[in-house]
Amino acid sequence: MATRRPVVLSIFGTRPEAVKMAPVVKALATRSDLVGRVAVTAQHRQMLDQVLDLFSITPDYDLDLMQPGQRLEDLTGRVLTHLAAVFDDCKPDLVLVQGDTTTAFAAALGAFYRQIPVGHVEAGLRTGDRYNPFPEEMNRLLVTQLATLHFAPTPTSQAACRRSGVQDEAIYLTGNTVIDALLEVAGQVPAPSEEGRVLLVTAHRRENWGEPMMQIFGAVRDLVEARPDLRAVVPVHLNPIVQEAARQVLGGHERVSLIAPLDYAPFVTAMKGATLILTDSGGVQEEAPSLGKPVLVLRTTTERPEAVDAGTVRLVGVQREDIVREASRLLDDPAEYRRMANAVNPYGDGRATQRIVEAIRYFLGLRSDRPVERFEPAIV
Ligand code: UD1
Ligand code: UDP
C-alpha cells in the first residue's frame with residue numbers, strides 16, 4: 001500500500017491573507033511529497049475573490065461566511081464551527097494561517113482544538129498596545145500561543161516570538177511572502193501612465209472608524225484643494241462604514257477618484273505610478289518601500305518599524321493638520337521627497353515562500369536536516 005502523503009491545509013479569508021498566502025499555496029501545490037489543500041472562510045467575499053482569480057487559486061473548501069457589517073464575535077464563532085467539518089474531511093497534518101485577522105485566530109484555535117499543529121505565516125508582529133490595531137494585536141499574540149511553527153518575516157519579529165516564549169527551534173526567519181507576491185506581479189504589470197502627481201490613499205482600520213477617518217479624508221481634501229496639479233485616487237474598502245466616510249468627505253470632488261477596490265495587479269501599477277502613498281494598511285506599508293515610494297502611515301502605532309527606520313515610511317497619526325503638514329513637506333520640497341523615495345527591502349527578498357516550504361518539509365519529516373537559509377535584510 002502506498003504511504004499517505006502529509007496534508008498541509010492553508011486557511012485564509014481576507015484580501016491581505018490571500019495576497020500573502022498565494023505564493024505559498026502555489027509552491028505547496030507543486031510538491032509531490034505532500035498534499036496542499038486550501039480552505040477559505042471568505043471573511044471577505046469580493047476582495048478575496050479578486051486575489052484568488054489573479055493567482056488562479058481554486059479553494060478545496062469555501063465556507064462563504066461573509067455577512068454585511070459582520071461582528072467579530074459572530075464571525076469568530078462561524079469560522080470555528082464551520083472549520084470543524086473541513087478538518088474532519090481533509091485530516092490535515094499541518095494547518096497554515098497568516099497574519100492577524102479573525103480568520104487567522106479562529107482557524108488556529110479550531111486547529112488547536114483538534115490538536116493539529118499550526119504554522120503561523122508572518123509571526124511576531126507587535127505594537128505592544130493590545131487595543132491598537134484592534135483586534136489584530138491580540139489576534140497575533142493568541143496565534144503565537146496556539147502555533148507550533150512560527151515564520152517570522154524580520155529579525156524584529158523573530159525577537160518578538162522569542163519574547164513571547166517560543167523556543168528558537170520553532171522559529172524560522174523567512175522574510176515576508178508579500179514581497180514574493182509583489183515581485184511576481186510587479187514584473188508583469190504595465191508601466192503606469194504619466195498623468196501628473198497622484199496621491200494614492202487607502203484606509204480601513206477598525207480603530208480609525210469614525211472621527212479619525214473623517215480627519216484622514218479631510219486631509220486628503222485639503223492637500224488636493226491646495227494643489228491644482230494633484231489628484232487623489234482612493235480605492236475604497238467595501239466596508240460600509242468606510243464607504244460612507246469616504247463619500248461624505250470626498251464625494252463629488254473633481255480631482256478625487258473614489259473607486260472600487262482594485263485588483264492586485266492594477267493596484268501594484270497604481271502604487272508604482274503614485275507620487276505619495278497615504279495608508280493605514282499593513283501590506284501597503286510593506287510593499288511600497290520595495291517600489292521606492294514614500295509612505296505616510298495614518299496610524300499612531302506600527303508593528304512594522306523596519307521601513308520607518310529605513311526612512312521610506314513615516315508614522316503621521318490621524319490628525320488632519322499633522323497629515324497635511326507631513327504630506328506637504330514631501331509634495332512641496334523635492335529634496336525632502338528624494339530623501340524618502342528610496343527603494344529598500346526590509347521585509348523580504350522574494351524567497352520567503354521557499355524558506356517556509358522547506359521548514360514545513362523538515363517539520364513533516366520530508367527532509368532530515370533543518371534548513372539553515374534565513375532572510376537577511378540588506379543594510380540600508
Ligand atoms: C479585516 C481584518 C483586518 C484586515 C482587513 C483587510 C479582522 C478583525 N479584520 O478587516 O485585520 O486588515 O480585513 O482588508 O479580521 N466587505 C464586503 N466585501 C468584501 C470585504 C468586506 O462587502 O470583499 C464588507 C462587509 O460588509 C463586511 C465588512 O466589509 O462585513 C467588514 O469586513 P471584515 O473582514 O469583518 O473587516 P475588515 O475591516 O475588512
Ligand atoms: N490592495 C489591493 N487593492 C486595493 C488596495 C489594496 O489589491 O485596492 C492590496 C495591497 O497591495 C496589499 C493588500 O491589498 O497587498 C493589503 O490589504 P488591506 O490594506 O486590505 O489589509 P492589511 O494589509 O491592512 O491587513
Side-chain angles (χ1 to χ4, degrees), residues 12-23 40-55 64-76 78-79 97-107 122 125 132-140 142-143 176-182 184-186 189 200-209 213 233-244 257-272 274 277 279-288 290-291 293 295 297-299 302-304 347:
F12 50 93
T14 66
R15 170 173 68 190
E17 294 167 85
V19 170
K20 291 171 172 180
M21 284 303 288
V40 294
T41 62
Q43 172 178 337
H44 286 173
R45 183 70 276 172
Q46 302 89 332
M47 287 159 57
L48 172 74
D49 291 345
Q50 287 182 303
V51 185
L52 294 177
D53 288 348
L54 174 69
F55 289 97
D64 199 21
L65 294 183
M66 193 193 87
Q67 289 181 0
Q70 59 204 359
R71 298 191 319 163
L72 293 174
E73 42 276 65
D74 295 335
L75 179 63
T76 303
R78 290 202 306 278
V79 172
V97 301
Q98 198 287 331
D100 51 21
T101 64
T102 296
T103 290
F105 162 59
E122 197 181 79
L125 272 62
N132 198 330
F134 176 85
E136 290 83 0
E137 179 76 357
M138 185 53 70
N139 286 344
R140 296 167 185 150
L142 296 170
V143 175
N176 198 311
T177 55
V178 78
I179 303 300
D180 304 12
L182 177 70
E184 184 191 330
V185 172
V189 298
L200 178 63
V201 184
T202 80
H204 69 82
R205 301 229 78 84
R206 212 166 266 267
E207 64 276 8
N208 282 344
W209 291 355
M213 207 160 273
V233 174
V234 190
V236 187
H237 191 288
L238 293 179
N239 191 316
I241 294 171
V242 182
Q243 295 263 325
E244 178 53 25
S257 309
L258 297 182
I259 57 174
L262 288 168
D263 285 354
Y264 186 54
F267 188 75
V268 171
T269 304
M271 283 194 286
K272 280 178 146 181
I277 300 175
T279 190
D280 66 4
S281 161
V284 177
Q285 274 179 74
E286 292 159 340
E287 293 163 335
S290 277
L291 301 172
K293 294 297 171 179
V295 179
V297 175
L298 308 165
R299 296 177 48 185
T302 182
E303 56 295 282
R304 295 168 168 91
Y347 297 110

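The figures that follow rest on heavy atoms only: side chains count, while hydrogens, waters and symmetry mates do not. Atoms within each ligand, like the ligands themselves, are counted from 1 in listed order.
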> Please state which protein non-hydrogen atom is closest to atom 39 (O) of ligand 1 and give its distance, to 0.1 Å?
Replying inline: H44 NE2, 2.7 Å
>> Using a 4.0 Å cut-off to any heavy atom of R45, which atoms of ligand 1 qualify?
In response: 19 (C), 23 (O)
>> Using a 4.0 Å heavy-atom cut-off, which part of H204 comes near ligand 2: side chain, backbone, both, or neither?
In response: side chain
> So which bit of P135 gets within less than 4.0 Å of ligand 1, heavy atoms only: side chain, backbone, both or neither?
Replying inline: side chain
>> Only heavy atoms of L72, strictly under 4.0 Å: list the atoms of ligand 1 that pass.
In response: 8 (C)
>> Using a 4.0 Å heavy-atom cut-off, which part of S281 comes near ligand 1: side chain, backbone, both, or neither?
In response: neither
> Does the side chain of D100 reach to within under 4.5 Å of the side chain of V143, using non-hydrogen atoms?
Replying inline: no
>> Quick check: G282 and ligand 2, any N/O pair under 3.5 Å apart?
In response: yes
> If you round to the nearest 0.5 Å, how far is CD of Q70 from CG of L75?
Replying inline: 4.5 Å
> Between R206 and E136, does at least one N-O distance fall below 4.0 Å, as a salt bridge requires?
Replying inline: no
> P261 heavy atoms, cut-off 4.0 Å: which ligand 2 atoms fall inside?
Replying inline: 8 (O)
> So which of T14, L238, N239, D263 actually passes side chain to side chain contact (heavy atoms under 4.5 Å, CB included) with M47?
Replying inline: L238
> Are any of the N/O atoms in R15 less than 3.5 Å from those in ligand 1?
Replying inline: no
>> A side-chain contact here means heavy atoms from C-beta on lying under 4.5 Å apart; do D64 and R45 qualify?
In response: yes
> Would you say ligand 1 has an N or O under 3.5 Å from any N or O of M47?
Replying inline: yes
>> Could you identify the single nearest non-hydrogen protein atom to atom 25 (O) of ligand 2 and state the distance to 0.1 Å?
In response: P16 CG, 3.4 Å
> Nearest non-hydrogen atom to atom 16 (N) of ligand 1 belongs to which of R205, M66, M138, Q70?
Replying inline: M66
>> Quick check on contacts: which atoms of ligand 1 are under 4.0 angstrom from a heavy atom of Q67?
In response: 27 (C), 30 (O)
> Rounded to the nearest 0.5 Å, how far does OG1 of T76 lie from CZ of R71?
Replying inline: 10.5 Å
> Identify the closest protein heavy atom to atom 1 (N) of ligand 2: which residue and atom is it, and at what distance?
Replying inline: F267 CD2, 3.6 Å
> Are a donor atom and an acceptor atom from the side chains of T202 and T279 found within less than 3.5 Å of each other?
Replying inline: yes
>> For a side-chain contact (heavy atoms from CB on, under 4.5 Å) check, start with the C-alpha distance between L200 and F267, then their side-chain angles and the critical distance, and finish with the verdict.
In response: CA-CA 10 Å; L200 178 63; F267 188 75; 4.0 Å; yes
> Considering distance alone, does some N or O of Q46 sit under 3.5 Å from an N or O of ligand 1?
Replying inline: yes
>> Taking distance alone, with N or O pairs closer than 3.5 Å, would you say E287 contacts ligand 2?
In response: yes
> Taking N or O atoms only and a 3.5 Å limit, does N139 qualify as a polar contact for ligand 1?
Replying inline: no
> What's the spacing between L48 CG and D53 CG if we round to 0.5 Å?
Replying inline: 9.0 Å
> Which heavy atom in P133 sits nearest to a heavy atom in R140, and how many Å separate them?
Replying inline: CG-NH2, 3.6 Å
> How long is the span from the CE atom in M271 to the CG atom in L182, to the nearest 0.5 Å?
Replying inline: 5.5 Å
>> Please list, in number order, the atoms of ligand 1 under 4.0 Å from a heavy atom of L238.
In response: 16 (N), 17 (C), 18 (N), 19 (C), 22 (O), 23 (O), 24 (C)
>> Regarding atom 31 (C) of ligand 1: of the candidates T41, L75, N239, which has the closest heavy atom?
In response: N239
> Below 3.5 angstrom, do we get any N/O pair linking S281 and ligand 2?
Replying inline: yes
> Considering P133, P235, A288, G283, which one's heavy-atom position lies nearest to atom 23 (O) of ligand 2?
Replying inline: G283
> Of all heavy-atom pairs between R304 and Y347, which one has the smallest distance, and what is that distance?
Replying inline: O-OH, 3.1 Å
> Is any side-chain heavy atom of V97 closer than 4.5 Å to a side-chain heavy atom of T103?
Replying inline: no
> What is the minimum heavy-atom distance between R15 and H44, and which atoms define it?
Replying inline: N-ND1, 3.2 Å
> Please state which protein non-hydrogen atom is closest to atom 5 (C) of ligand 1 and give its distance, to 0.1 Å?
Replying inline: H204 CE1, 3.6 Å
> Heavy atom under 4.0 Å from ligand 1: found in E136's side chain, backbone, both, or neither?
Replying inline: side chain
> If we only count N/O pairs under 3.5 Å, is T103 in contact with ligand 1?
Replying inline: no
>> Restricting to non-hydrogen atoms, name the atom on L262 and the atom on Q50 that form the minimum distance, rounded to 0.1 Å.
In response: C-NE2, 3.7 Å
> Hey, is E136 one of the residues with a heavy atom under 4.0 angstrom from ligand 2?
Replying inline: no
> Starting from atom 7 (C) of ligand 1, which protein heavy atom do you reach first, and at what distance in Å?
Replying inline: Q43 NE2, 3.5 Å
>> Restricting to non-hydrogen atoms, name the atom on R299 and the atom on D280 that form the minimum distance, rounded to 0.1 Å.
In response: CD-O, 3.6 Å
> Which is closest to atom 14 (O) of ligand 2 in terms of heavy atoms, R15, M271, R205?
Replying inline: R15
>> Tell me the contacting part of P261 for ligand 1: side chain, backbone, both, or neither, using a 4.0 Å heavy-atom threshold, strictly below.
In response: neither
>> So, regarding T101 and ligand 1 (criterion: nitrogen or oxygen to nitrogen or oxygen, under 3.5 Å), is there a contact or not?
In response: no
> How far is atom 8 (C) of ligand 1 from its nearest protein heavy atom, and which residue and atom is that?
Replying inline: T102 OG1, 3.2 Å
> How long is the span from the OG1 atom in T269 to the CG atom in L291, to the nearest 0.5 Å?
Replying inline: 10.0 Å
> Has ligand 1 got any nitrogen or oxygen that is less than 3.5 angstrom from a nitrogen or oxygen of G69?
Replying inline: yes
>> With a heavy-atom distance limit of 4.0 Å, tell me whether R206 approaches ligand 1 through its side chain, its backbone, both, or neither.
In response: side chain
> Do ligand 2 and L262 have nitrogen or oxygen atoms that lie under 3.5 Å from each other?
Replying inline: yes
> How about N176 and E122: does a side-chain donor come under 3.5 Å of a side-chain acceptor?
Replying inline: yes
>> Distance check, rounded to the nearest 0.5 Å: T102 atom OG1 versus D74 atom CG?
In response: 11.0 Å
